[in-house]
Amino acid sequence: MTVKTRFAPSPTGFLHVGGARTALYSWLYAKNQGGEFVLRIEDTDLERSTQPAVDAILEGMTWLGLDWDEGPYYQTKRFDRYNEVVDQLLAEGKAYKCYASKELLDEVRAEQEANKELVRYDANHPKIKAANEAAKEGDPCCIRFRNPTEGTVVFDDQIRGPIEFSNSVLDDLIIRRTDGSPTYNFCVVVDDWDMGITHVIRGEDHINNTPRQINIYKALGAEVPTFAHCAMILGDDGAKLSKRHGAVSVMQYRDEGYLPEALINYLVRLGWGHGDQEIFTKEEMINLFSLNAISKSASAFNTEKLLWLNNHYIKTLAPEYVASHLEWHFEHQGINKDNGPALTELVALMGERAHTLVELAAQSRYFYEDFSEFDAAAAKKHLRGVAKEPLALALSKIEALTEWTAESLHGVIEAVCAELEVGMGKVGMPLRVAVTGAGQSPSVDATMQLIGKERVIARIKMALEFIAQREANAQ
Ligand code: GLU
C-alpha cells in the first residue's frame with residue numbers, strides 16, 4: 001500500500017502557523033513512508049472562500065518548500081462527483097430527503113433544550129416525521145446521511161490512541177444542502193476516498209467529525225483511512241494562538257526576516273521530537289519522523305527559540321542561499337545591493353550575529369549607502385580629541401595600502417597602536433564609528449575591507465572633520 005497523505009485547507013484566510021504545521025507533518029509522513037502528498041483546496045464554502053486566500057496558501061506552501069505530488073485539487077470543481085455519490089447513497093437508501101424547514105428544526109431544538117435533552121436532529125421526532133411524510137416530490141429538501149442508530153464508532157488515533165463515539169450521539173448529518181451544495185463532512189470523505197488517501201493528519205478540532213466521516217466511508221464500502229489528530233498550538237502567553245499574538249501568517253515570518261528552514265525546524269519541534277535534538281535538516285526530519293512521536297498535549301509558541309533557530313540557519317546555511325533570501329529584504333528596505341559588496345560576502349561577515357534577515361539588512365546599510373551623520377552616542381564617546389591622532393595616522397597608512405585585505409587592514413591598526421603606544425580600543429573604536437557611523441560591527445578590519453577603500457578613506461576624513469568641528473565649537 002502506498003501511503004498517501006493530504007493537506008486540505010479551506011481558503012478563508014492565509015496559511016497560518018497551525019495549518020503550516022499540519023501540512024508539514026502530512027508532508028513529512030508521506031516522505032518518510034516513500035509515499036505521496038496531495039494538496040486539496042476545500043473551497044465549498046463559497047461565501048468565505050477567496051482567491052487571495054488560495055494564492056496566500058500556495059505562496060506559503062511554496063515558500064516553506066512543502067511541495068505536493070498531486071493537486072491542487074479544488075472541491076468546487078468536483079460538484080458533479082459529489083452529486084453522483086449523493087445519488088448513489090439515495091438509491092441505496094443510505095441517505096434520504098429531508099423536508100423539515102428551518103423553522104420546524106428550530107422549534108424542535110427549542111423543545112429539546114427545554115426538556116434538557118440532547119440537542120440533535122431526530123428523524124423520529126413526530127413533528128419531523130410528519131413534515132417528511134406530508135412533503136411532495138419537488139418540495140425544497142436537503143439530503144441527510146442515514147447514520148447508524150446503534151453501536152459505536154471506534155478509531156485508533158495515531159497520536160491520541162483509541163477514540164470511541166456512540167452512534168446515539170451522532171445525528172443524520174446533511175450531506176447536500178437545500179441549495180444543492182454538498183457539505184464539508186461529505187466532500188472530505190468522497191475526496192479522501194477518490195484520491196486514495198491512506199492517512200488523514202489534521203487538527204484536533206476535527207476529532208468530532210471523524211466518527212461521522214467513518215460512517216460515511218463504511219456506507220460507501222470505502223476503506224477507512226488512518227487518522228492522526230494534532231493538538232493545538234498556543235501563543236507565547238499560553239492563550240490560544242490567534243492574530244492578536246502577532247505574526248501568525250507564514251508569509252509574515254518571511255516579512256519579519258525568518259528563513260523557511262528556521263520556521264520548518266521550529267514547526268517540526270512544536271509537538272514532535274526525537275530525543276532532545278533541536279536542529280534537524282529536512283533529510284533528518286524525513287528519516288526520523290513518526291506519527292506516534294507527536295505530542296498529545298498543546299505546544300506553546302516560543303519566539304525566542306524561533307529567533308535562535310533563525311540565527312543558526314543564517315550563520316550555517318550556504319551564504320549564497322541566505323543571500324538569495326536577503327535580497328528580498330534589501331529591496332523591501334530600499335537598499336540597493338549593487339551599491340556595495342556582494343550579498344554573499346555580507347552574509348559571511350554579518351550573519352554570525354543576526355537573528356533575522358530584517359535586522360541583517362538594516363544593520364548593513366552602511367556598506368551600501370553613505371551617511372551624513374554619526375550616531376550621536378557613539379560619536380560622543382569615540383570621536384573626540386584623543387582619536388584625532390590615531391585616525392589621522394590610520395588614514396595615511398590606509399591610503400598607502402596596495403593590498404586591500406582584512407589582514408593588511410589589521411596590520412594597519414597594529415602599526416598605529418605600536419607607533420602611538422596605545423591599546424587596540426583607542427584605535428579600533430574610533431575607526432569603527434568613523435567607517436560604520438555607529439558603535440557596533442563585526443571586527444573592524446573585516447568590516448573596512450568589505451566597505452571598500454574609497455568609502456573608508458572618505459569616512460575617516462569625515463570623522464576627522466567632525467572632531468575638528470567639535471573642538472572648534474568647544475572653544
Ligand atoms: N478544510 C478543513 C480545514 O481547513 C480540513 C479538513 C481535513 O483536514 O479533513 O479545517
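Both counts, for ligands and for their atoms, begin at 1 and track the order of listing.
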**Prompt:** Gln213 near ligand 1, heavy-atom distance under 4.0 Å?
**Reply:** no
**Request:** Compute the centroid of each ring, for Trp272 and then for Phe280, and state whether the two points are separated by less than 6.0 Å.
**Result:** yes
**Message:** Closer than 3.5 angstrom, by distance alone: can the side chain of Ser295 be matched with the main-chain N or O of Ser297 as a donor-acceptor pair?
**Reply:** yes
**Message:** Going by side-chain hydrogen bond (donor to acceptor under 3.5 Å, both in side chains), name the pairs with one or both residues in residues 345-357, residues two or more places apart or in two chains.
**Reply:** none
**Asked** Is a side-chain donor-acceptor pair under 3.5 Å present for His229 with Arg160?
**Response** no
**Fill in**
The atoms of ligand 1 lying under 4.0 Å from a heavy atom of Pro9, numbered in the order shown, are 4 (O)
**Asked** So is there a nitrogen or oxygen of Ala8 less than 3.5 Å from a nitrogen or oxygen in ligand 1?
**Response** yes
**Complete:** Closest to atom 1 (N) of ligand 1 among protein heavy atoms sits Glu42 OE1, 2.5 Å
**Message:** For Phe37, does the six-membered ring have the charged nitrogen or CZ of Arg6 within the cation-pi criterion, i.e. under 6.0 angstrom from the centroid and within 45° of the normal?
**Reply:** no
**Message:** Looking only at side-chain N and O atoms, does Gln75 offer a donor or acceptor that is under 3.5 Å from a partner on Asp191?
**Reply:** yes
**Shortest protein contact, atom 10 (O) of ligand 1 (heavy atom only)** = His206 NE2, 2.9 Å
**Request:** Looking only at protein heavy atoms, identify the closest one to atom 8 (O) of ligand 1 and say how far it is in Å.
**Result:** Arg6 NH1, 2.7 Å
**Polar atom proximity, Tyr184 to ligand 1 (N or O, under 3.5 Å)** = yes
**Under 4.0 Å to a heavy atom of Ser10 - the qualifying atoms of ligand 1, by number** = 1 (N), 2 (C), 3 (C), 4 (O)
